[in-house]
Asks: 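Take a look at the following structure, please.
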Protein chains: 2
Amino acid sequence: MKKENSRECLNWRNSSPLFSSLSEKEVEFLTEGYIQVHFKKGETIRKQGTILDHVMYIGSGLAKQYIEEPGLNDIILTIIIPGKMVCSAGFFVNGLQYSTVAALTDTEISFFKSDHLKDLLHQNKDFFNVFMGEFTQTVLNHYQRLSLINRKQVPGRMADSLLYLSKEIYNCDEFSLDLNRLDLANLCGMSKDSVDKVLRDFQEEKLIQIKKNIFKILDEKALRNISKFG
Amino acid sequence: MKKENSRECLNWRNSSPLFSSLSEKEVEFLTEGYIQVHFKKGETIRKQGTILDHVMYIGSGLAKQYIEEPGLNDIILTIIIPGKMVCSAGFFVNGLQYSTVAALTDTEISFFKSDHLKDLLHQNKDFFNVFMGEFTQTVLNHYQRLSLINRKQVPGRMADSLLYLSKEIYNCDEFSLDLNRLDLANLCGMSKDSVDKVLRDFQEEKLIQIKKNIFKILDEKALRNISKFG
DNA sequence: CAAAAATAATGATTAATATCAATATTTTTT
DNA sequence: AAAAAATATTGATATTAATCATTATTTTTG
């Protein structure tokens, strides 16, 4: 059983094409006032509605980024994996966090000052392009997720989420899921009970296997079919 | 009966704080290769999947911006009104259109070259800030719409859409709706029949009045309540 | 380690919404 | 102006998914 669960990327400078476009001096500037914090599983890293003056970088662990709305369920926009910059859309308007980020496992987070990052965007055109590319891609991914959640039905959405977790988060057909049922419900945009129901169905049809919290994809092709037509 | 339907904003230079941060020379540069096109009601202005090399500005008329997905219903992200720059998220990655824009009424559209705009973003910090602010705000609005569509139920979503149309699009309690039932369904993320059903209910409860295609908001407070709790 | 709390599993019930079908109306075209 | 096409209205039915209730299991905490 392979588990890519503990991928680490504490060395942020080498982690992403983002930083390779920066000069020594610029890196130094970015690192000024940079802090690194350890969060325990379950802790809130950044709360929706608070002031956005830092940009986050995930060194190790997994986190969820979700939108809250009083009286409604949370909706998980994305699972954040090591090596990624997390920069809300609010960054450019010096606004408030539009989403909350919480640790799914113990995580190591670095914080950079938004102002410094913004200055670098103006100074360095290459950096600007790479940064905006990543930023935009994130936005497009969120659109994709949100718009499909609305239009597919439960099995299709669950198939999507399982493939997402397997392919993009854990990089493996078999993984120990760090999300509980409620998280999974909020990732799929359905109720907790529907999660249970559809997971049971998938197991009966031999599409997946679940033992404790170890998920195993048995029939990827069938899942892709359900994703497409269900 | 007041109808703010035909607001015009052909003079793009004075229309938005966006342009006031540009110098004479910069405006000239932006205007190079700028073209203006008239579209008839129903025509596709920009198709999802095509190359994004121009940014649009709506001079007059109304348009819808929506995401397509084979086999699924369209989902309308936003109704575009005169005086707004339309710049997909793909702009920064020099990518493809992630959404389609089509005319709901006859419209006058100006196209600016993305490359020129991008150059100005690098040159002019004020322009950058204003532009990014608008861009970001749009993204956040889309998030808001998409995430609420998923979590509210039919009456709540319809109440949201009616308030959106009244307050943000037509600026009036009474308006001649330029969307047909299918558009409305795609704006609310529900089926066409559900649109009819809930509109009938709203009329019975004296929340709105519909005559031909003239919509009149009778009880805004009740609608806001439904939006909140329904 | 035991008790308590949280989470998960399962089936039954209810509520919400989409689909279908049949008719009426409006708009467009000839 | 008449015919055709598109859009809208309405009610009935079927499907889907949420809620509820109960029991089992797992995890956390003292």
Side-chain angles (χ1 to χ4, degrees), chain A residues 40-43 64 71-75 102-106 148-161 176-205 208-215 226 229-230, chain B residues 40-43 64 71-75 102 104-106 148-161 176-205 208-215 226-227 229-230:
Chain A
K40 283 205 288 277
K41 176 180 174 175
E43 282 185 313
K64 58 177 174 179
L72 299 176
N73 287 329
D74 295 341
I75 186 159
L104 288 170
T105 66
D106 286 18
L148 288 181
I149 271 181
N150 177 248
R151 293 176 296 172
K152 287 192 185 179
Q153 46 202 56
V154 164
R157 278 180 269 161
M158 180 54 81
D160 279 346
S161 293
S176 167
L177 188 67
D178 295 297
L179 287 76
N180 63 24
R181 287 293 182 273
L182 185 57
D183 288 329
L184 207 44
N186 292 338
L187 180 68
C188 298
M190 62 183 72
S191 76
K192 210 159 51 70
D193 303 74
S194 292
V195 168
D196 292 328
K197 173 83 171 56
V198 69
L199 286 180
R200 239 181 301 151
D201 292 345
F202 280 9
Q203 285 186 91
E204 268 171 30
E205 297 160 38
I208 58 170
Q209 187 188 75
I210 308 173
K211 276 184 188 162
K212 294 264 258 172
N213 238 22
I214 312 287
F215 280 60
I226 292 173
F229 301 107
Chain B
K40 283 205 288 278
K41 176 179 173 175
E43 283 185 313
K64 58 178 174 178
L72 299 177
N73 286 329
D74 295 340
I75 186 158
L104 288 170
T105 68
D106 286 16
L148 288 181
I149 271 182
N150 178 248
R151 292 177 296 172
K152 286 191 185 179
Q153 49 201 53
V154 165
R157 278 180 269 161
M158 179 54 80
D160 279 345
S161 293
S176 165
L177 189 66
D178 297 296
L179 288 74
N180 63 22
R181 288 292 183 272
L182 185 56
D183 288 330
L184 207 45
N186 292 338
L187 181 68
C188 298
M190 61 183 74
S191 74
K192 210 159 54 66
D193 304 74
S194 292
V195 168
D196 293 328
K197 174 83 170 60
V198 68
L199 286 180
R200 238 182 302 152
D201 292 346
F202 280 9
Q203 283 186 91
E204 269 172 30
E205 297 162 39
I208 59 171
Q209 187 188 76
I210 308 174
K211 276 184 190 162
K212 295 263 256 170
N213 238 22
I214 313 286
F215 279 61
I226 291 172
S227 157
F229 302 108

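Worth saying up front: this structure is predicted, and the values here are computed from it rather than measured. Quick note on labels: first sequence line is chain A, next is B, and so on, each numbered from 1.
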Asks: Rounding to an integer number of Å, can you tell me how far Arg151(A) CZ sits from dT16(D) P?
Replies: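 Going from Arg151(A) (CZ) to dT16(D) (P), I get 19 Å.
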Asks: Contact between Met190(B) and Val195(B) at the side-chain level, heavy atoms closer than 4.5 Å - yes or no?
Replies: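 Counting from C-beta outward, Met190(B) and Val195(B) do come under 4.5 Å.
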Asks: Taking side chain as C-beta onward, heavy atoms only, is Leu177(A) less than 4.5 Å from Asp183(A)?
Replies: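 No, side chains not in contact.
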Asks: So, does Arg181(A) get its side chain near the phosphate of dA6(C), meaning an N or O under 4.0 Å from OP1 or OP2?
Replies: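 Checking Arg181(A) against dA6(C): no side-chain N or O falls below 4.0 Å of OP1 or OP2.
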Asks: Going by the rule salt bridge (charged side-chain N to carboxylate O under 4.0 Å, His left out), which residues pair with Asp193(B) if we only count those two or more places apart in sequence or in a different chain?
Replies: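 Salt bridge (charged side-chain N to carboxylate O under 4.0 Å, His left out) list for Asp193(B), sorted by chain: empty.
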Asks: Is the shortest side-chain N/O distance from Arg200(A) to OP1 or OP2 of dA8(C) below 4.0 Å?
Replies: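 False: Arg200(A) side-chain N/O out of range (4.0 Å or more) of dA8(C) OP1/OP2.
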Asks: Can you tell me the distance, in whole Å, between the CG atom of Asp196(A) and the P atom of dA24(D)?
Replies: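 Distance, rounded to whole Å: 16 Å.
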Asks: Rounded to whole Å, please give me the gap between CG in Leu184(A) and C1' in dT7(C).
Replies: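 Those two atoms, CG and C1', are 13 Å apart.
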Asks: Heavy atoms only: give me the nearest Ile226(A)-Ala159(A) pair and the separation to one decimal.
Replies: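 Taking Ile226(A) first and Ala159(A) second, the nearest heavy atoms are CG2-CB, 4.0 Å.
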Asks: Heavy atoms, side chains only, cut-off 4.5 Å: are Ile214(B) and Gln209(B) in contact?
Replies: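 No, their side chains stay 4.5 Å or more apart.
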Asks: Is there a side-chain contact between Leu179(A) and Lys64(A) (heavy atoms, below 4.5 Å)?
Replies: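 SC-SC contact between Leu179(A) and Lys64(A) ruled out.
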Asks: List the protein contact pattern of nucleotides 16-25 of chain C with one symbol per nucleotide (5' to 3'): B for base contact, S for sugar-phosphate-only contact, - for none; contact means a heavy-atom distance under 4.0 Å.
Replies: SSSBBB----
Asks: When all nucleic acid strands are considered with a 4.0 Å heavy-atom cut-off, which category describes Asn180(B): base, sugar-phosphate, or nothing?
Replies: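 Touches sugar-phosphate only.
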Asks: Are the charged groups of Lys197(B) and Asp201(B) less than 4.0 angstrom apart, N to O?
Replies: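 Salt bridge present between Lys197(B) and Asp201(B).
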Asks: Partners of Asn180(B) by side chain to side chain donor-acceptor pair (under 3.5 Å), sequence neighbours excluded?
Replies: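 Applying side chain to side chain donor-acceptor pair (under 3.5 Å) to Asn180(B) gives none.
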Asks: Should Ile208(A) and Gln203(A) count as side-chain neighbours, where that means a heavy-atom distance under 4.5 Å?
Replies: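 Heavy-atom side-chain distance check passes, below 4.5 Å.
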Asks: How long is the line joining CG of Asn213(B) and P of dT7(D), in whole Å?
Replies: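 Value for this atom pair: 12 Å.
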Asks: To the nearest Å, give me how far apart CD (Glu204(B)) and P (dT9(D)) are.
Replies: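 Computing the Glu204(B):CD to dT9(D):P distance gives 13 Å.
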Asks: Taking side chain to side chain donor-acceptor pair (under 3.5 Å) as the test, write out the residues that go with Asp160(A), two or more places apart.
Replies: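 Result, side chain to side chain donor-acceptor pair (under 3.5 Å) vs Asp160(A): Lys152(A), Ser227(A).
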Asks: Round to a whole Å and report the spacing from CG of Leu199(B) to P of dT7(D).
Replies: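 One finds 17 Å between P of dT7(D) and CG of Leu199(B), rounded.
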Asks: Just so I know, are the side chains of Leu199(A) and Phe215(A) near enough to count as touching, which here means a heavy-atom distance under 4.5 Å?
Replies: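 When only atoms from C-beta onward are counted, Phe215(A) and Leu199(A) do touch, with a gap below 4.5 Å.
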Asks: Encode nucleotides 25-30 of chain D as B, S and - characters from 5' to 3', where the letter depends on protein heavy atoms closer than 4.0 Å: B to the base, S only to sugar-phosphate, - to neither.
Replies: --S---
Asks: Atom CG of Asp183(B) to atom P of dT7(D): distance rounded to whole Å?
Replies: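 Taking atom P of dT7(D) as the reference, CG of Asp183(B) is at 10 Å.
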Asks: How far does the helix from dC1(C)-dG30(D) to dT30(C)-dA1(D) bend, going by the axes of its first and last five pairs, to the nearest 10°?
Replies: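 End axes: 50° apart.
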Asks: Round to the nearest Å and state the distance from Asp201(A) atom CG to dA9(C) atom C1'.
Replies: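 Computing the Asp201(A):CG to dA9(C):C1' distance gives 13 Å.
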